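These numbers come from a predicted model, not from an experiment. The figures here come from the full heavy-atom set of this structure, side chains too, leaving out hydrogens, waters and symmetry mates. Position 1 is the first residue of the sequence; numbering continues from there.
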Amino acid sequence: MNTHSNTIVSQHTTSEGLVVWSRCGCGRLQMVLVPNGSNGRGLTAGGHDVQCPHCGR
């Protein structure tokens, strides 16, 4: 595991757009939805550790 960046765990297409699950070097999971089209708003869920300099990147 690369401890200095996020690692993509899985990604798949849904009717809403592309869902990407990634894991930070500190071990936290994050999910990002990249919506179809240009008018949609993205959605992010998952942990962010303020002590980790890599979370949220």
Side-chain angles (χ1 to χ4, degrees):
M1 176 189 298
N2 185 347
T3 60
H4 298 291
S5 65
N6 289 350
T7 300
I8 294 177
V9 177
S10 113
Q11 64 182 26
H12 56 277
T13 304
T14 69
S15 60
E16 295 294 320
L18 179 66
V19 175
V20 180
W21 283 93
S22 62
R23 185 176 300 277
C24 180
C26 74
R28 292 188 179 266
L29 280 172
Q30 183 178 46
M31 182 279 302
V32 176
L33 168 64
V34 181
N36 294 326
S38 61
N39 295 330
R41 294 188 60 191
L43 174 69
T44 302
H48 173 79
D49 186 344
V50 295
Q51 295 178 337
C52 177
H54 308 292
C55 276
R57 286 189 187 175

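- Applying the side chain to side chain contact (heavy atoms under 4.5 Å, CB included) criterion to S10, with sequence neighbours excluded, gives H12, W21.
- The minimum heavy-atom distance linking P35 with G42 is given by the pair CD-CA, 3.7 Å.
- By the side chain to side chain contact (heavy atoms under 4.5 Å, CB included) test, V34 pairs with L18, V32, sequence neighbours left out.
- The shortest side-chain heavy-atom distance between V20 and M31 does not fall under the 4.5 Å cut-off.
- A distance of 8.0 Å separates CG in N36 from OG in S15, rounded to the nearest 0.5 Å.
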